[in-house]
Structures are given as structure tokens and as C-alpha cells.
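Heads up: the structure comes next, in C-alpha cells.
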Amino acid sequence: MDALHLTLYVAGDTPRSRQAMANLQRICAELLGGRAECATVDVLDSPELADAERILTTPTLVRESPSPRRRVTGDLSDAERVMTALGFTIPDR
């Protein structure tokens, strides 16, 4: 399987951005077994990246690889919704 690369796009250091980052960290640790490489892009600092990736709302999480690319928006608090949107199933616990 290809490496798992995720990019979280946020807009500034806001409570919603911090919540999305914390939720992504939790999802990566608990549900993805820590096997994801995650990057965070602040669209206020890098508007050209947001434009190139057509990021219209934040927070937006993009599965860069493996293909196909997928995305989900919001604070990522619903782990099941995030996993489904990214094309994964929640492992048995």
C-alpha cells in the first residue's frame, strides 16, 4: 500500500483550527495506527496553496495519497464520518 499522506488546511490560529488539528492527531493515533504523515497548511500564510488546491472552506482535510484524492471539511470531530470520507473503515477495537 502507498504511504498515507494527509494535509489539513486551516485559517489562522482559531479555536476551530486547533480543534481540527487535535481531532486529526487523535484519529491518526487511534484509528490509523500512527501510520499517516500529516501536514498542516495555514491558508492565511499560504493563499497560493489554498487556491491551487481549490480549498474553499476551512478546516479541510485532504487525503493526498494513496489515490484517489479525497477531502472532508469541518472540525473532524466525527471520526467515523472522517474515516468514511477518506475511504477507510474504522478498525475493530
Count I, L, V, M, F, W, Y as connected when their side-chain heavy atoms are under 4.5 Å apart, and connections chain through other members. Are [X] and [Y] then in the same cluster?
X	Y	answer
Val43	Met21	no
Leu76	Tyr9	no
Val62	Leu32	no
Phe88	Leu8	yes
Ile55	Leu49	yes

Main-chain N/O of [Y] paired with [X] side-chain donor or acceptor, under 3.5 Å:
X	Y	answer
Arg63	Pro68	yes
Ser17	Asp13	no
Asp75	Gln19	no
Ser65	Ala3	yes

Could you pull out the closest heavy-atom pair between [X] and [Y], with the gap in Å?
X	Y	value
Leu6	Ala36	CD1-CB, 4.0 Å
Arg71	Arg54	NH1-O, 3.3 Å
Gly74	Ala20	O-CB, 4.2 Å
Ala79	Arg26	CB-NH1, 4.0 Å

Side chain to side chain donor-acceptor pair (under 3.5 Å) filter on Thr58, not counting sequence neighbours, yields none
Residues 38-53 vs side chain to side chain donor-acceptor pair (under 3.5 Å), sequence neighbours excluded, gives Glu53-Arg69
- request: Any chance you could lay out the side chain to side chain contact (heavy atoms under 4.5 Å, CB included) test for Leu61 and Leu86, step after step, and finish with the verdict?
  value: CA-CA 9 Å; Leu61 179 63; Leu86 294 178; 3.8 Å; yes
So CG of Leu4 and SG of Cys38: to nearest 0.5 Å the spacing works out to 7.0 Å
